[in-house]
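Only heavy atoms go into these numbers, but all of them, side chains included; no hydrogens, no water, no symmetry mates. Lettering follows sequence order; numbering is per chain, from 1.
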2 protein chains.
Amino acid sequence: MRDISVLMSPTRRRGDALTTAIFQAVLSELAVSSFEELTFDKIASAAGTGKAALYRRWSTPAELVLAALSDSATGFGDPPAPPGTGALRDDLIALLEHFVRALDQPRGRALLPLIAHRHRHPELFEQVHRLVIRPHQEVLLSVLRQAVERGEAAPGSLTPRIVSVGPRLILLQAWEGGLVDSGEIASIVDEVLIPLTRP
Amino acid sequence: MRDISVLMSPTRRRGDALTTAIFQAVLSELAVSSFEELTFDKIASAAGTGKAALYRRWSTPAELVLAALSDSATGFGDPPAPPGTGALRDDLIALLEHFVRALDQPRGRALLPLIAHRHRHPELFEQVHRLVIRPHQEVLLSVLRQAVERGEAAPGSLTPRIVSVGPRLILLQAWEGGLVDSGEIASIVDEVLIPLTRP
DNA sequence: CAAATAAGGAACAATTTTGTTCACTAATTG
DNA sequence: CAATTAGTGAACAAAATTGTTCCTTATTTG
């Protein structure tokens with residue numbers, strides 16, 4: 001029989017390699033279903049492993065999901081850095097594009113069901129809010145603050161509500177329509193955010 | 001034994017009365033779970049009836065959900081009417097408050113899971129888009145158009161993107177935070193929509 | 001190269017859930 | 001008031017899914 005080991009990843013993954021694969025399977029499953037529908041069965045088969053490997057590591061789906069969300073490789077490890085381009089428009093575009101890219105990954109696509117069913121899993125949603133939403137808002141706020149200092153934006157723009165406009169438009173655009181390309185982002189910035197914050 | 005018929009609705013509901021109760025049960029169930037988790041079992045017990053009454057009317061959950069969404073009593077029968085207050089600000093507030101009220105009913109709370117899992121049920125989402133989202137956008141657009149004619153808004157405001165801002169902010173505010181009160185609506189109108197459409 | 005560790009996959013029984021139907025009786029109709 | 005229609009609740013078997021464990025074997029370690 002022909003040796004296919006060059007085509008496949010090492011036949012039997014171990015340790016962190018397997019853990020990472022499991023995390024990705026968790027997020028992928030979450031992305032197309034919901035937390036309630038998650039089972040060790042589905043996760044194992046999506047990760048291409050046996051259930052025993054999961055039971056050896058975690059005892060409940062909740063534990064596993066929290067671990068996958070917190071993991072720095074597959075989940076939301078590090079908050080985005082302020083772009084610091086020196087111009088408000090460029091900062092906004094850079095930030096929102098980073099956001100769109102995150103939404104297009106498994107971890108991002110896993111967000112929607114978590115938000116949608118937040119009333120069923122307050123603790124999971126709280127985690128998501130702390131790890132994802134909050135940091136993004138902080139960075140956006142700092143970008144706007146710098147713009148105000150440069151005189152590029154009105155001081156009155158520094159409200160939570162205005163800060164939320166960009167991400168929320170992106171989020172719903174992504175959920176309702178599917179893809180959000182660069183043109184869409186530029187339009188949101190030019191048609192909405194810039195006029196909204198103009199001094 | 002004491003007669004409790006004064007306290008309860010007629011012991012045994014029939015015809016449209018029962019159908020309406022079933023529709024409401026469907027939407028309530030949908031609101032706290034998802035389409036995948038809907039079963040004739042849960043619906044029947046939520047509606048306080050037997051499964052046989054359901055099977056006599058519909059043969060699949062999908063049929064039943066579409067019927068509930070389309071029903072004029074429980075679902076989204078009629079599109080909202082343009083408020084026509086004569087002032088843009090008042091029109092916007094009236095419209096968005098109507099929207100918030102709809103979101104706070106079972107039919108509105110059933111929306112989130114449907115949007116969240118739209119990739120799993122394109123036909124259901126299409127229905128929702130046609131029955132709910134589209135009509136709301138049309139009305140908002142007509143309100144803005146009138147404001148432009150009165151010189152209250154810039155002609156450049158008549159874009160689908162700008163029209164979408166209000167409903168999207170409301171939607172996410174409701175989903176992330178819970179309630180959206182009148183103060184919140186007024187703030188959205190005054191901080192975001194009015195500045196955004198100013199001539 | 002031998003021993004130890006841990007992955008893969010299957011087998012398992014138990015619990016839960018499914019759709020469907022039946023008998024009983026309340027409500028309606030003529 | 002008799003006959004018909006239709007809701008209720010229970011019973012049911014079939015099917016699917018659950019968490020858990022065991023055995024074989026690939027990989028690593030000393």
Side-chain angles (χ1 to χ4, degrees), chain A residues 1-26 28-30 32-68 74 120-121, chain B residues 1-26 28-30 32-68 71 73-74 120-121:
Chain A
M1 189 186 285
R2 204 157 63 87
D3 182 8
I4 57 169
S5 61
V6 245
L7 295 177
M8 301 189 56
S9 36
T11 343
R12 196 173 275 196
R13 298 154 299 180
R14 301 189 138 230
D16 285 352
L18 182 57
T19 301
T20 295
I22 294 174
F23 283 162
Q24 274 166 344
V26 169
S28 300
E29 277 301 306
L30 217 49
V32 299
S33 59
S34 67
F35 179 71
E36 337 292 317
E37 299 167 69
L38 263 196
T39 63
F40 275 23
D41 259 296
K42 293 182 193 165
I43 296 169
S45 84
T49 184
K51 284 187 278 185
L54 304 192
Y55 280 102
R56 205 172 291 125
R57 290 172 165 81
W58 310 275
S59 53
T60 71
E63 262 184 63
L64 178 43
V65 167
L66 278 183
T74 60
R120 288 200 279 181
H121 316 283
Chain B
M1 190 185 284
R2 204 158 63 87
D3 181 8
I4 59 169
S5 62
V6 245
L7 296 176
M8 302 189 54
S9 35
T11 343
R12 195 173 277 196
R13 299 155 298 180
R14 302 190 137 227
D16 285 352
L18 181 57
T19 301
T20 294
I22 294 175
F23 283 162
Q24 274 167 344
V26 169
S28 300
E29 277 300 306
L30 216 49
V32 298
S33 59
S34 67
F35 179 71
E36 335 293 317
E37 299 168 70
L38 263 197
T39 63
F40 274 24
D41 259 296
K42 293 182 192 165
I43 296 170
S45 85
T49 184
K51 284 188 278 185
L54 304 191
Y55 281 102
R56 204 173 293 125
R57 291 173 164 79
W58 310 275
S59 53
T60 71
E63 262 183 63
L64 177 45
V65 168
L66 278 183
D71 183 70
T74 61
R120 287 200 279 182
H121 315 283

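Overall bending of the helix from dC1(C)-dG30(D) to dG30(C)-dC1(D), expressed as the angle between end axes built from five pairs apiece, is 30° (10° steps).
Residues passing the side chain to side chain contact (heavy atoms under 4.5 Å, CB included) test with A21(B), sequence neighbours excluded: R13(B). Shown here are the side chain to side chain contact (heavy atoms under 4.5 Å, CB included) partners of S45(A), two or more places apart in sequence or in another chain: there are none. Considering only residues two or more places apart in sequence or on other chains, R56(B) meets the salt bridge (charged side-chain N to carboxylate O under 4.0 Å, His left out) condition with none of them. Annotation: side chain to side chain contact (heavy atoms under 4.5 Å, CB included) contacts of T19(A) (sequence neighbours excluded): F23(A), R57(A), W58(A). With sequence neighbours excluded, the residues satisfying side-chain hydrogen bond (donor to acceptor under 3.5 Å, both in side chains) with E63(A) are S59(A). Annotation: side chain to side chain contact (heavy atoms under 4.5 Å, CB included) contacts of A62(A) (sequence neighbours excluded): F35(A), T60(A).
One atom, CG of D16(A), and another, P of dT27(D), lie 18 Å apart when rounded to the nearest Å. Here dT17(C) presents its P atom at 13 Å from CD of E36(A), a figure rounded to the nearest Å. Regarding L18(B), its CG atom lies at a distance of 11 Å from the P atom of dG9(D), rounded to whole Å. For the pair R56(A) CZ and dC22(D) P, the computed distance is 13 Å after rounding to whole Å. Atom pair R13(A):CZ and dG8(C):C1' shows a separation of 10 Å (rounding to whole Å applied).
Residue pairs meeting the salt bridge (Lys or Arg N to Asp or Glu O under 4.0 Å) criterion with at least one partner in residues 38-50 of chain B, sequence neighbours excluded, are D41(B)-K51(B).
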Protein-nucleotides 24-26 of chain D N/O pairs closer than 3.5 Å?
residue	atom	partner	partner atom	Å
dT25(D)	O2	R12(A)	NH1	2.8

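The shortest side-chain heavy-atom distance between H121(B) and E36(B) falls under the 4.5 Å cut-off.
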query = What does nucleotides 11-21 of chain D look like as a protein-contact string, B for base, S for sugar-phosphate only, - for none, at under 4.0 angstrom between heavy atoms?
reply = -------BBB-
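Contact record, L18(B) with A53(B): CD2-CB, 4.2 Å, taken as the closest heavy-atom pair. In terms of heavy atoms, A68(A) sits closest to T74(A) at O-OG1, 3.5 Å.
A salt bridge links E37(A) with R120(B); the closest basic N to acidic carboxylate O contact falls under 4.0 Å.
In this model, the phosphate group of dG7(D) is approached by a side-chain N or O of R57(B) to a distance below 4.0 Å at OP1 or OP2.
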